[in-house]
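Residue numbering restarts at 1 for every chain, and letters A, B, ... go by the order of the sequence lines. Computed from a prediction, not measured in an experiment: that's the story for all the values here.
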Protein chains: 2
Amino acid sequence: MDNNFTENLKKAGYKITKPRLVLLGLLCKAKHPMSVKEIVKSIGSKKINQVTVYRILTAFKKAGIIAQVDFQAGCAYFEVRDNGDHHHIICTECKKVEDFVGCDYDALSNEALKQSNDFKKVMHHSFELFGICNTCILKQS
Amino acid sequence: MDNNFTENLKKAGYKITKPRLVLLGLLCKAKHPMSVKEIVKSIGSKKINQVTVYRILTAFKKAGIIAQVDFQAGCAYFEVRDNGDHHHIICTECKKVEDFVGCDYDALSNEALKQSNDFKKVMHHSFELFGICNTCILKQS
DNA sequence: TTGACAAATGCAACTAATTTGCATTAAGAT
DNA sequence: ATCTTAATGCAAATTAGTTGCATTTGTCAA
């Protein structure tokens, strides 16, 4: 996986730097998508600058190494891209996140392209389910 | 549709006010999801306050009247919820939006719930495709 | 190796999105 | 018509994300 990453970055013309390795290492072992705030907190603001995190994430996104996920929670989240194509179910109350698989992306994007007259290519997609987790259901009156 | 809206709002304990009617009218005739900026610009900042727009959108969302859509474009977008379950394909370059249909939401959310141990209910979902439109493809070197 | 060059980083300051507090206004029930 | 409470508007605050510029550090070629 590390090899893969280094290659991807180089292929895209990016340098392999210490902050990038640290950030990718973090995202690789993360169990859920992380926000910039969480990333900086986890690495330590003395070891990496917030602005650098934003810029690295932008580079990783362009290189196809990570994906951005929107939980309608006020900021963007990021995770390493796996081809296994998993998605998320998010608790709208406490923002807990769980993964699930089973989105037939290929069929859907083909169908969408068939319907479209302005698009000929789909690069990526997002699919999120919003629900209430068992803990938060109990809290509701 | 207007009746439906009024009922939904009342059912949720919300008052029917002039700004709400204006905002809903706008979203109903909109061809694509709108951002707060676009909404205020369209209605006119003398006729409705930006903060009011945010609060109305929050209320509408809770009442299930509108849906929030994330185009990874720096701000949230909103559209009236139709049960027809359409989705969007967005140009990552120029942010052009097109609709498409064909997401088997019921099957997918059932499948996700089956896989989950912490969730028993899905309220809504998001599904977006990110691509490059024909115009922007030509612009690329 | 070693230096040169460009790209990457850090810091400070900035812009844009969204939220909060509080005084005023206006639905809608009585 | 009046009263109560939610909704609105304005100002100010907070938070996410961006930009400019000086400094550092990979990388590549000698």
Interatomic distance, K46(A) NZ vs dG10(C) P [rounded to whole Å]
14 Å

May I have the distance from F78(A) (atom CZ) to dA16(D) (atom C1'), rounded to whole angstrom?
11 Å

Quick one: pull up OG1 in T58(A) and CD1 in I66(A) and give me the separation to the nearest 0.5 Å.
8.0 Å

Most 5' of V51(B) and G74(B) on DNA chain D, judged by nearest nucleotide
V51(B)

Excluding L129(A), membership of its hydrophobic cluster (Ile, Leu, Val, Met, Phe, Trp, Tyr; side-chain heavy atoms within less than 4.5 Å) reads I89(A), F100(A), Y105(A), L108(A), L113(A), F119(A), V122(A), F127(A), I89(B), F100(B), Y105(B), L108(B), L113(B), F119(B), V122(B), F127(B), L129(B)

Remember a base hit wins even if backbone is also touched, and classify A59(B) as base, sugar-phosphate or nothing at under 4.0 Å, heavy atoms.
nothing

Under 4.0 Å between a side-chain N or O of Y54(B) and OP1 or OP2 of dT19(C)?
no

Centroid separation H125(A) to H87(A) less than 6.0 Å
yes

Separation of dG17(D) P from Q72(B) CD (nearest whole Å):
11 Å

Roughly how far, to the nearest 0.5 Å, is the OG atom of S42(B) from the NZ atom of K47(B)?
10.5 Å

Can Q68(A) and E79(A) be said to form a side chain to side chain contact (heavy atoms under 4.5 Å, CB included), step by step?
CA-CA 7 Å; Q68(A) 178 176 340; E79(A) 67 181 357; over 6 Å; no

What protein N or O atoms touch nucleotides 27-30 of chain D N or O atoms at under 3.5 angstrom, if any, and at what distances?
{"residue": "dT27(D)", "atom": "OP1", "partner": "I16(A)", "partner atom": "N", "Å": "2.8"}

In whole angstroms, the gap separating P of dT24(D) from CD1 of I48(A) amounts to 18 Å

Give the rounded distance in Å between these two atoms: NZ of K18(B) and P of dT8(D).
12 Å

Could you state the CD-P distance from Q68(B) to dA17(C), rounded to the nearest angstrom?
14 Å

To the nearest angstrom, how far is K41(A) atom NZ from dA16(D) atom P?
13 Å

5'-most contact on DNA chain C: C75(B) or G13(A), nearest heavy atom basis?
G13(A)

How many whole angstroms separate atom CG of N49(A) from atom P of dA16(D)?
15 Å

Among dT18(C), dG17(D), dT9(C), which nucleotide has an atom closest to any side-chain atom of Q50(B)?
dT18(C)

One pair to check against side chain to side chain contact (heavy atoms under 4.5 Å, CB included): F60(B) and F5(B). What are the steps and the verdict?
CA-CA 9 Å; F60(B) 282 7; F5(B) 152 68; 3.7 Å; yes

Hydrophobic side-chain clustering at under 4.5 Å (ILVMFWY, transitive links): who's grouped with V97(A)? Put none if nobody.
V69(A), F71(A), Y77(A), I90(A), F130(A)

Output the single nucleotide from dT18(C), dG9(D), dT9(C) whose closest atom is nearest the side chain of I56(A).
dT9(C)

For the side chain of R55(A), starting at C-beta, report the closest nucleotide among dG17(D), dA17(C), dC11(C).
dC11(C)

Considering only dT8(D), dG9(D), dA17(C), which nucleotide approaches the side chain of R20(B) most closely?
dT8(D)

